[in-house]
Amino acid sequence: MGSKMKKKSRSRLYISIGTTAFGALGVVREARLAREENDTLRLVDAVVSAAKVVTGLAVLYREVKRLGDDDVLLG
């Protein structure tokens, strides 16, 4: 799977990280609303969405690390 996957540019990866992180704000808002309304199903949906965001960020971070350690932001 990895060899057939098209490599993303560094800037495209950073944009993807930013977009995914921005999506986390929606998840937080949804979780807050679910808790206020005592809506268990909505809260479960927010938790699953949060797990998706965290996993997505981890995958994107790994891809950035694979591009090289010469990046100033990664040390």
Side-chain angles (χ1 to χ4, degrees):
M1 182 168 105
S3 62
K4 291 183 181 182
M5 221 168 130
K6 189 176 180 181
K7 285 195 174 187
K8 292 183 178 182
S9 69
R10 187 178 307 269
S11 59
R12 187 170 174 191
L13 283 170
Y14 287 139
I15 290 170
S16 294
I17 290 171
T19 303
T20 304
F22 187 72
L25 297 176
V27 171
V28 169
R29 188 182 71 232
E30 187 69 23
R32 188 174 298 142
L33 183 62
R35 288 182 68 200
E36 288 174 2
E37 297 178 357
N38 291 325
D39 189 340
T40 305
L41 189 58
R42 248 184 170 165
L43 188 57
V44 169
D45 182 50
V47 169
V48 170
S49 296
K52 180 181 175 187
V53 168
V54 169
T55 304
L57 286 172
V59 168
L60 290 168
Y61 180 76
R62 182 182 66 192
E63 291 300 315
V64 169
K65 289 294 282 184
R66 284 185 180 170
L67 287 176
D69 290 336
D70 59 334
D71 193 320
V72 175
L73 294 176
L74 295 175

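Computed over heavy atoms, backbone and side chain alike; hydrogens, waters and symmetry mates excluded. This chain uses plain numbering: 1 for the first residue, then up along the sequence.
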* Structure fact -> Contacts of Glu36 meeting side chain to side chain donor-acceptor pair (under 3.5 Å) (sequence neighbours excluded), chain-then-number -> none

* Partners meeting side chain to side chain donor-acceptor pair (under 3.5 Å) with Arg29 (sequence neighbours left out) -> none

* Asked: For Leu25, does the CG atom have more than 12 heavy-atom neighbours from other residues, nucleotides or ligands under 6.0 Å away?
  -> yes

* Asked: If you measure from CG on Leu57 to OG1 on Thr19, what distance do you get to the nearest 0.5 Å?
  -> 10.5 Å

* Structure fact -> Rounded to the nearest 0.5 Å, the CG atom of Asp45 sits from the OG1 atom of Thr40 at a distance of 12.5 Å

Taking every non-hydrogen atom, the tightest pair across [X] and [Y]:
| X | Y | result |
| --- | --- | --- |
| Val27 | Ala46 | CG1-O, 3.3 Å |
| Ala31 | Leu43 | O-CD1, 4.1 Å |
| Arg42 | Leu33 | NH1-CD2, 3.6 Å |

* **ILVMFWY network linking Val53 to Leu13, side-chain heavy atoms under 4.5 angstrom** => yes

* Any side-chain heavy-atom pair from Arg35 and Arg32 closer than 4.5 angstrom? -> no

